[in-house]
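To start, the structure itself, in structure tokens.
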Amino acid sequence: MKKPKRTSDSEIVIYNQPDCTLPKSFFEGRYIPNLHPESLDYIQWWEEQTKRCLEGWSDGGHSVTPAYYYHLNFKKINMLDIKTNQVIVEHPYYSYEDQQLFEDIYWCRKNGNDGMMLITGRGFGKSFGVSTIVEHEFTFADVSECIVTGK
């Protein structure tokens, strides 16, 4: 399976989307530092990750919503390794479709529209996206209610 490849120490070319290069700061949450849990560096690292999960992240002219940052860094999903035809569990790739889904949900919530219906074909990744929204709400909202249905 192809991983996002680095073009430099500061940027990553996104898998299957060669026209999109993101700074590696968008994926820093995937690499928890091997520091003592009571050290100042460790605490500051988690404070920064929490801030990005609450406020979103922008760097290099690109930005992601709080829930999408959480999705890219702290979620693992089932993916198919096309070389071995095996299902693996890995961090999701950045995709324009996911970016748009998380932006739409973010702006609906921000504008007071708490209800949203998403209709797509099979295989879009709705289950993973919606489960991320529920996890994000449960983790970062003081009080929340989430209802998920499907057929």
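Computed from a predicted structure; not experimentally measured.
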Not counting sequence neighbours, which residues clear side-chain contact (heavy atoms from CB on, under 4.5 Å) with [X]? List them please.
X: V143; result: none
X: D104; result: Q100, M116
X: N111; result: W107, N113
X: S58; result: S63

Where at least one partner belongs to residues 32-50, residue pairs that pass salt bridge (charged side-chain N to carboxylate O under 4.0 Å, His left out), sequence neighbours excluded: E48-R52
T50 side, atom OG1; F140 side, atom CZ - distance, nearest 0.5 Å: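 If we round to the nearest 0.5 Å, T50:OG1 and F140:CZ are 5.5 Å apart.
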Listed partners of E103 passing side-chain hydrogen bond (donor to acceptor under 3.5 Å, both in side chains), at least two apart: Q99
Any heavy-atom pair between the side chains of [Y] and [X] that's under 4.5 Å?
X: P66; Y: F102; result: no
X: Q44; Y: S39; result: no
X: R109; Y: E137; result: yes

Check: H36 ring centre within less than 6.0 Å of Y42 ring centre: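 No, ring centres 6.0 Å or more apart.
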hydrophobic_cluster_shared for L54 and V64, side chain cutoff 4.5 Å: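 Shared cluster, yes.
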same_hphob_cluster(Y70, W45) at 4.5 Å side-chain heavy-atom cutoff: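 They do share one cluster, since a chain of ILVMFWY contacts under 4.5 Å joins Y70 to W45.
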Candidates F26, W57, Y68, Y69 - the one meeting ring-ring contact (aromatic ring centres under 6.0 Å, His included) with Y94: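 Testing Y94 for a ring-ring contact (aromatic ring centres under 6.0 Å, His included) against F26, W57, Y68, Y69 leaves exactly one candidate, Y68.
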